[in-house]
Amino acid sequence: AQSVTQLGSHVSVSEGALVLLRCNYSSSVPPYLFWYVQYPNQGLQLLLKYTSAATLVKGINGFEAEFKKSETSFHLTKPSAHMSDAAEYFCAVKLASAGGTSYGKLTFGQGTILTVHP
Amino acid sequence: GAGVSQSPSNKVTEKGKDVELRCDPISGHTALYWYRQSLGQGLEFLIYFQGNSAPDKSGLPSDRFSAERTGGSVSTLTIQRTQQEDSAVYLCASSFRRGPTDTQYFGPGTRLTVL
């Protein structure tokens, strides 16, 4: 079974500072990994996804993430935080192989709430 | 184009009542998913539909939960005899296919409160 762990339920940064949100995965087969963002009272929006084409993935709003197999990690970063980045961020994993009941569904981490201070 | 829509946006019900939550996926998407988001459990998969295949119901928490998808489009999630622990935000998502690289697009959710 696959799973993801997000380290830190709350992260606080100053505007203009580096954003680093941590995600580690556990999967018995090659995983596909996703980062979603959720603004208050809204659904989830895809930021970026890793589909094995490249280990460094660039997403929307200046975010990027690097897949590191040796560390089983897929941390999300942004060089300079904006006030508008304040939201909850979810890392998620999907199995890459067809078959079985787990195929197709997303398994989410517990989420990290990002607060940006002026 | 229109995204995934869900109705109602909010639902307050009394314990023991039945509720129906509706999801309209993006046109042309063959895969449809239901998730539940609650404070204690985070985001949990409930069920998904793929075309005419039998749905994957492996995430449904009890037999009080059921879902159907009519005509390969609109889906309804039904919760019978609601309990207070059913209070959560129910999210629907759709994707073009159910493959690992297919992006799931989420609706705004239905916030269910069971009194």
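Just so it is clear, the model here is predicted, and its values are computed rather than measured. Numbers restart at 1 for each chain; the letters A, B, ... are given by sequence-line order, proteins then strands. We use all heavy atoms of the structure for the numbers below, so side chains are in, but hydrogens, waters and symmetry mates are not.
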Exercise. Where do Leu44(A) and Leu43(B) land on the side chain to side chain contact (heavy atoms under 4.5 Å, CB included) test, with the steps shown first?
Worked result: CA-CA 11 Å; Leu44(A) 280 73; Leu43(B) 269 159; 3.8 Å; yes

Okay, Arg97(B) and chain A: the region with an atom under 4.5 Å from a heavy atom over there is neither

All heavy atoms of Lys94(A) vs all of Asp102(B), minimum pair found to be NZ-O, 3.0 Å

### Query
Is it the case that one hydrophobic cluster holds both Val4(A) and Leu21(A), taking links as side-chain heavy atoms less than 4.5 Å apart, direct or via other members?
yes

When the 4.5 angstrom heavy-atom criterion is applied to Phe34(A) and chain B, the contacting part is side chain

When rounded to the nearest 0.5 Å, the distance separating CG of Leu106(A) from CD of Glu44(B) is 14.0 Å

When every non-hydrogen atom of Gln41(B) is compared with those of Gln110(A), the smallest separation belongs to O-NE2, 4.1 Å

### Task
Please tell me if the side chains of Arg111(B) and Asn41(A) come closer than 4.5 Å, counting only heavy atoms from C-beta onward.
yes

*asked:* Could you check whether atom CZ of Phe65(B) has more than 12 heavy atoms from other residues, nucleotides or ligands sitting under 6.0 Å from it?
replied: yes

- Other residues, nucleotides, ligands: >12 heavy atoms within 6.0 Å of Leu115(B) CG: yes

Group every Ile, Leu, Val, Met, Phe, Trp and Tyr by side-chain heavy-atom contacts under 4.5 Å, then state whether Trp35(A) and Val13(A) land in the same group. yes

In this structure, is the centre-to-centre distance between the rings of Phe45(B) and Phe108(A) below 6.0 Å? no

ILVMFWY cluster, Val19(A) and Tyr39(A) together (side-chain gap under 4.5 Å): yes

| message | With a 4.5 Å cut-off on side-chain heavy-atom distances among I, L, V, M, F, W and Y, is there a chain of contacts connecting Leu91(B) to Leu46(A)? | response | yes

Correct closest heavy-atom pair for Thr103(B) and Tyr36(A) would be CG2-OH, 4.3 Å

ask   = Does one side chain, of Lys49(A) or Thr101(B), offer a donor that lies under 3.5 Å from an acceptor on the other?
value = no

Following the transitive rule for hydrophobic clusters with a side-chain heavy-atom cut-off under 4.5 Å over Ile, Leu, Val, Met, Phe, Trp and Tyr, establish whether Tyr25(A) and Leu48(A) coincide in one cluster. yes

When the 4.5 angstrom heavy-atom criterion is applied to Gln45(A) and chain B, the contacting part is neither

If one checks every heavy atom of Gln42(A) against chain B at 4.5 Å, the contacting part turns out to be backbone

